[in-house]
Structures are given as structure tokens and as C-alpha cells.
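Owing to the predicted nature of the structure, the values given are computational and were not obtained by experimental measurement. Sequence positions, counted from 1, serve as the residue numbers for this chain.
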Amino acid sequence: MKKIILFAVAAACTLSVAAQKLDFHKNCVIAHRGAWKEKGIPQNSLASWREAVRLGCHGSECDVHITADDSLVVFHNLTHHGMAIKDTKYADLIKYPLKNGEKIPTFREYVTEVKKQTRTKLIVDVKMMLTDEYSLRLSKAIVKVLNDMDAMDYCEFLGSNIKGLQYLQETTGRRVQYLGKWRTEVPEMHPDSVKANGLKAVDYQNIFYFAHPDWIKTFKKRKVYLNAWTINKEEDMDWFIKNKFDVITTDYPAKLLKKLNYKQK
């Protein structure tokens with residue numbers, strides 16, 4: 001009996017430590033593709049992630065694709081040196097390094113780096129630019145990696161394919177943000193459609209919020225989590241801060257952190 005009690009106490013302590021180990025920075029700053037622009041670091045590189053961590057960002061966004069040989073890679077564009085990522089093997093992609101000499105990181109390598117700290121959250125942009133079938137395949141592969149690496153608690157998700165997002169929301173228990181479409185307003189972005197699709201967070205391009213300030217009021221009333229991208233101008237930063245967005249995604253995280261007068265603890 002004594003051994004059972006000691007085991008139960010130890011297990012409870014372990015759970016308590018695990019629950020406390022992540023203490024994300026209390027600010028609204030999300031570094032877009034990592035903190036890259038202010039120092040000329042390659043987007044989505046491990047170096048850009050480390051810079052976001054150094055700055056003290058609440059989160060840092062990265063873009064994830066799946067290659068022809070089922071490798072998950074962190075990269076923004078759909079092509080690399082003229083090669084479509086989805087149709088190219090990983091070994092061929094890394095023949096062309098990033099400008100700082102890094103190879104395109106795999107998602108596993110990126111997550112390994114993420115788990116070296118406890119203060120900056122990883123915002124995973126699932127590059128859902130194709131069919132529902134592709135989006136679900138990519139989403140399931142990402143979930144498997146995060147579960148295998150015991151890293152789900154470090155992450156949130158965003159993307160543009162509703163089927164993929166619904167899968168992530170149902171299976172991960174993490175926040176999942178709907179991106180809508182770049183530059184083009186689609187019916188699914190309307191607050192009523194967001195509600196009908198069961199989505200609980202949005203991350204729209206700034207132009208849509210400017211065009212529909214009434215959406216902001218509706219989303220807040222419905223307790224929808226609000227993110228916006230890519231907020232680079234000072235006057236735009238001020239506008240989204242004034243409108244009390246939950247987070248703000250920017251290519252200039254150091255500038256936004258300074259504006260917020262955020263001090264790391």
C-alpha cells in the first residue's frame with residue numbers, strides 16, 4: 001500500500017511539473033515566418049525561430065508542407081528553385097540551401113528546436129492550398145509528428161482549408177485559426193459562416209478587418225479569438241492594439257514589442 005501511495009504522489013508531482021513547464025510570454029506578438037525581416041534572416045529558418053524566442057514573442061508562425069516522399073518541411077513558398085515542393089523529394093530540395101547556409105528544415109527538426117524552450121509558442125500554418133484530400137493528409141501527418149514528439153502543447157494551428165481545420169480542431173484540442181483567402185473575400189469568412197462551420201478563431205489579412213469593422217464586434221461578442229496579418233505599419237499596429245486583438249502577426253516583432261513596452265520576466 002505504501003508503494004502505491006508513493007507512486008501516486010510521484011505521478012501527481014510529475015503531472016504538476018508538466019502542467020507548469022510551459023509559460024508563454026504574455027504579449028500579443030506573433031512573429032510572421034519567424035523573426036526574420038529586421039535582421040535579414042531567412043524566413044522559416046531555425047535562425048528566425050531562435051530570434052523570435054530571443055525577442056520574447058508570444059508566438060512564432062511557420063509554414064509546413066509535405067513533399068513527394070512524405071517528408072514534412074518548413075518553408076513558405078509552394079516552390080523552391082523552380083521545384084514544386086509537393087512533387088519533389090526532400091533530398092532534392094536541400095541541394096539548394098537557404099541564404100544563411102541552413103538547409104530547409106524538416107518539421108521534426110523545427111519541433112526539436114521549439115522544445116528547447118518554454119516561453120514562445122509555435123503557430124503552425126498548414127499550407128492548405130489544394131484539395132480537401134491533400135489538406136487532411138497534411139494535417140494528419142503534422143498531428144502524428146507532434147504526438148510522436150509529445151509536443152502538441154507547444155502548438156496552435158492556422159490554415160485556409162475548412163475541412164482540414166475542422167479535423168485539427170476535433171483531434172488536437174488546440175486553438176485552430178481560419179485564414180480565409182489572401183486578398184479575395186470569400187463567403188466562408190463571414191462571421192455567420194465561421195459560426196456555422198464550428199470554428200472558434202480567425203486570422204484574416206488586415207484589409208478585411210478594415211473593410212468590415214462590424215465583423216470585429218460580432219466576433220468578440222461570440223468570443224471568437226482574433227488574429228490579424230501581416231501588420232507591419234506603425235499606424236496599423238496602433239489600430240489593432242486599439243481594437244484589442246488577441247494577437248497580432250507581424251514581420252517586425254521587435255518594433256511591436258517595443259511599442260507595447262514588453263519586458264521579459
Side-chain angles (χ1 to χ4, degrees), residues 13-67 71-76 90 93-94 97-127 138-139 141-159 168 172-177 227 247-254 256-258 260 262-265:
C13 290
T14 300
L15 288 173
S16 176
V17 171
Q20 295 177 17
K21 71 175 182 177
L22 298 180
D23 181 23
F24 298 119
H25 289 285
K26 306 299 189 296
N27 60 60
C28 65
V29 180
I30 306 297
H32 185 230
R33 307 174 194 170
W36 63 277
K37 196 173 185 71
E38 288 159 312
K39 287 193 173 182
I41 300 168
Q43 303 173 16
N44 278 308
S45 62
L46 293 175
S48 72
W49 162 263
R50 294 185 191 112
E51 179 64 7
V53 172
R54 187 191 72 78
L55 289 172
C57 298
H58 171 73
S60 182
E61 179 252 6
C62 75
D63 304 281
V64 181
H65 304 254
I66 193 164
T67 66
S71 294
L72 295 181
V73 297
V74 179
F75 196 71
H76 178 263
Y90 181 62
L93 291 173
I94 61 174
L98 305 176
K99 66 180 182 180
N100 67 344
E102 285 186 35
K103 65 181 179 63
I104 294 176
T106 66
F107 185 52
R108 283 184 179 274
E109 290 168 339
Y110 218 85
V111 173
T112 297
E113 194 70 22
V114 169
K115 290 190 68 177
K116 292 178 181 179
Q117 54 83 56
T118 60
R119 304 300 312 277
T120 298
K121 187 178 296 185
L122 181 64
I123 314 298
V124 180
D125 185 346
V126 186
K127 298 304 285 189
L138 176 54
S139 297
I142 288 171
V143 168
K144 185 178 187 308
V145 168
L146 293 174
N147 284 336
D148 287 350
M149 298 184 70
D150 193 24
M152 191 65 75
D153 288 346
Y154 289 83
C155 299
E156 292 182 7
F157 304 93
L158 51 85
L168 289 168
T172 68
R174 311 305 301 161
R175 183 176 289 118
V176 178
Q177 304 171 44
N227 188 359
V247 289
I248 300 169
T249 300
T250 179
D251 289 325
Y252 295 93
L256 183 53
L257 285 164
K258 184 177 180 180
L260 294 166
Y262 181 72
K263 307 293 183 184
Q264 294 193 47
K265 295 179 181 179

Colleague: Would E113 and R108 pass as an ion pair if we require N to O under 4.0 Å?
Modeller: no
Colleague: Is the side chain of H65 donor-acceptor paired with the backbone N or O of V73 at a distance under 3.5 Å, no angle test?
Modeller: no
Colleague: For L138 and L72, run side chain to side chain contact (heavy atoms under 4.5 Å, CB included): C-alpha distance rounded to whole Å, both residues' side-chain angles, the deciding distance at 0.1 Å, then the answer.
Modeller: CA-CA 8 Å; L138 176 54; L72 295 181; 3.6 Å; yes
Colleague: Hey, is the main chain of C155 close enough, under 3.5 Å, to the side chain of R174 for a donor-acceptor pair?
Modeller: yes
Colleague: Looking at W49, is its backbone amide N or carbonyl O close enough to the side chain of S60 to form a donor-acceptor pair, meaning the two atoms are under 3.5 Å apart?
Modeller: no
Colleague: In the structure I gave you, are the side-chain heavy atoms of L158 and I123 within less than 4.5 Å of one another anywhere?
Modeller: yes
Colleague: Does any non-hydrogen side-chain atom of I41 lie less than 4.5 Å from one of S45?
Modeller: yes
Colleague: Picking from H32, H76, K37, what satisfies side chain to side chain contact (heavy atoms under 4.5 Å, CB included) with Q43?
Modeller: H76
Colleague: Would a distance-only check, ignoring hydrogens and angles, find a side-chain to backbone donor-acceptor pair under 3.5 Å from Q264 to R54?
Modeller: yes
Colleague: Please check if the side chain of E61 supplies one atom and the backbone of R33 the other of a donor-acceptor pair under 3.5 Å.
Modeller: yes
Colleague: Between atom CG of L22 and atom CG of D153, what is the distance when rounded to the nearest 0.5 Å?
Modeller: 6.0 Å
Colleague: Should we say atom NZ of K26 is surrounded by more than 12 heavy atoms from elsewhere, each under 6.0 Å from it?
Modeller: yes
Colleague: Run Y252 and E38 through side chain to side chain contact (heavy atoms under 4.5 Å, CB included) and show every step you take.
Modeller: CA-CA 6 Å; Y252 295 93; E38 288 159 312; 3.6 Å; yes
Colleague: For Y262, does its backbone N or O pair with a side-chain atom of N27 as donor and acceptor, under 3.5 Å?
Modeller: no
Colleague: Is any side-chain heavy atom of Y110 less than 4.5 Å from a side-chain heavy atom of L122?
Modeller: yes
Colleague: Are the side chain of T172 and the backbone of L168 linked by a donor-acceptor contact shorter than 3.5 Å?
Modeller: yes
Colleague: Within the 4.5 Å heavy-atom criterion, are L146 and M149 side-chain neighbours or not?
Modeller: no
Colleague: Less than 4.5 Å apart, any side-chain heavy atom of V64 and any of K127?
Modeller: no
Colleague: Kindly check if the number of other-residue, nucleotide or ligand heavy atoms within 6.0 Å of NZ (K115) is above 12?
Modeller: yes
Colleague: Quick one: does T250's side chain get under 4.5 Å of P253's, heavy atoms only?
Modeller: yes
Colleague: Working to the nearest 0.5 Å, report the span between OG1 of T118 and OH of Y154.
Modeller: 7.0 Å
Colleague: Checking the side chain of R119 only, and the main-chain atoms of D23 only, is there a donor and an acceptor separated by less than 3.5 Å?
Modeller: yes
Colleague: Please examine the side chains of I248 and V29, heavy atoms only from C-beta on, and report whether any two atoms are closer than 4.5 Å.
Modeller: no
Colleague: Hey, are the side chains of F107 and I142 touching, using non-hydrogen atoms and a 4.5 Å cut-off?
Modeller: yes
Colleague: D148 side chain to V143 main-chain N or O, any donor-acceptor pair under 3.5 Å?
Modeller: no
Colleague: If you look at every heavy atom in A52 and T120, which pair is closest and at what distance?
Modeller: O-OG1, 4.1 Å
Colleague: Does I104 offer a backbone N or O that forms a donor-acceptor pair with the side chain of Y90 under 3.5 Å?
Modeller: yes
Colleague: Evaluate the criterion salt bridge (Lys or Arg N to Asp or Glu O under 4.0 Å) for residue pair K103 and E109; output intermediate values, then yes/no.
Modeller: CA-CA 11 Å; K103 65 181 179 63; E109 290 168 339; 2.7 Å; yes
